[in-house]
Amino acid sequence: MKICFIAPANSIHTKKWCKWFSQRGHEVYVISLTKEDDIDANVYFLDSGAKPTDSDIKKLGYLKTVFRLKKIIQEIQPDIVNVHYATSYGIIAALAGVEKFILSVWGSDVYTFPRRSVFHKSMLKFVLNRAGCLFSTSKAMADECRRYTGKSFEITPFGVDAELFSPKHRSRQDKDFVVGTVKTLSPKYGIDNILRAVSIIKDKHPEIPIKLRIAGKGSHADEYHQLAVDLGIDDITTWLGFISQEQAANEWANLDCAIIPSESESESFGVSAVEAEASGCPVIITDIPGLKEATKPGVTSVVVPRSAPEKIAAELVRLYNDDSVRIKMGRAGRKFVEENYELNKCFLHVEEYFAHYIEKCR
């Protein structure tokens, strides 16, 4: 197949899609509003003069890429056009008149964008209804999208490489109780609640040899570093910054408990939770539908309310005091991922759908 993704080329998710389909022998193209060279695809850069972090007014610059996009599609003549992210990429694809494109919704494009104004809501409805078919990484997000369209969704979760993310990477021999996460350092992901939970444990349970490791970069990095100092836990906190997938696999496997306390429902699917589970690590999550769908609450994960560091602390203490429960949860998590979210199984489903869709559109 000749597959064209209209998607951010610098996203780890786009790179995973391109790598898998390229390795399967497909001819893969990416049309992106961001520059990127390290990707298994032929990349076309649409220079809009705007950045993803810019205001809506500046993002109107995306509109000047419409004719360029249309020309590229005519040049490539792909069998499949899969647009990722309903707003921005979806809007320019719809305005360019791309026919029968498959639209993959991601999260904030569905949970945040349409709630800004009636105009934003109308734009999302327009794009969803122009798409030939719709993909969602979770059932929870598909349900959210039904506020804006009556169309059905194909569920295409983000799978993880169960060979890379594996308990075999565990190498620790110390007696510390190591907890942490691998997430972007922004309020959306509740990083401050992890810090506060660890602070509670340090104050109330000095007998627990807790250590905290946080990987990721983001706009609030300095704020969180200072919060760790203010809470008196900077001496037991390690900030790893941005790390590779290989390093992330090592981190998850060497944690005694993963904490993913997201605050926003735009966390449409908990791929970090799936990575941790695949690595044999028990997970504490918040009551976000996408996170609960990515785990098996009560079996592979513990669910706590949002913005409740004291609840996180209580669960960490409970898990510290019963390592048999942690081991049982870790093993169950590994099995859950192998059965539901193994990378090749997830992408084989998409590949089969692509082939079916090509036949349907002929």
Between [X] and [Y], does at least one N-O distance fall below 4.0 Å, as a salt bridge requires?
{"X": "D79", "Y": "R362", "result": "no"}
{"X": "K345", "Y": "E338", "result": "no"}
{"X": "R306", "Y": "D287", "result": "yes"}
{"X": "D143", "Y": "R146", "result": "yes"}
{"X": "E99", "Y": "R130", "result": "no"}
{"X": "E163", "Y": "K168", "result": "yes"}
{"X": "D256", "Y": "R172", "result": "yes"}
{"X": "E277", "Y": "R334", "result": "no"}
{"X": "E265", "Y": "R115", "result": "no"}
{"X": "K328", "Y": "D322", "result": "no"}
{"X": "E75", "Y": "K71", "result": "no"}
{"X": "E251", "Y": "R213", "result": "yes"}

Next on the checklist: Is there a side-chain contact between V182 and E275 in this structure, where contact means two heavy atoms from C-beta onward sitting under 4.5 Å apart?
Outcome noted: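 Answer no - side chains too far apart.
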Checklist entry - Looking at F242, does the NZ or CZ of K217 lie under 6.0 angstrom from its six-membered ring centre and within 45 degrees of the ring axis? => result yes
Checklist entry - Looking only at heavy atoms, which two atoms of H84 and Y89 are closest? And how far apart? => result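 Result for this residue pair: O-CB, 3.4 Å.
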Checklist entry - Closest heavy-atom contact between I194 and T181? => result CD1-CG2, 3.6 Å
Item to check | Chi angles and distances behind the side-chain contact (heavy atoms from CB on, under 4.5 Å) call for S152, L134 | outcome: CA-CA 7 Å; S152 62; L134 300 169; over 6 Å; no
Next on the checklist: If we check side chain to side chain contact (heavy atoms under 4.5 Å, CB included) with I6, which of these qualifies: I72, V83, L103?
Outcome noted: V83
Next on the checklist: Looking only at the aromatic ring of each residue, does the gap between the centers of F347 and F21 stay below 6.0 angstrom?
Outcome noted: yes
Parallel, tilted or perpendicular: which one describes the rings of [X] and [Y], with boundaries at 30° and 60°?
{"X": "W239", "Y": "H225", "value": "tilted"}
{"X": "F158", "Y": "H13", "value": "parallel"}
{"X": "F5", "Y": "F354", "value": "tilted"}

Item to check | Atom pair SG (C133) and CZ (F153), whose distance is rounded to the nearest 0.5 Å | outcome: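 Between C133 SG and F153 CZ, I get 9.5 Å after rounding to 0.5 Å.
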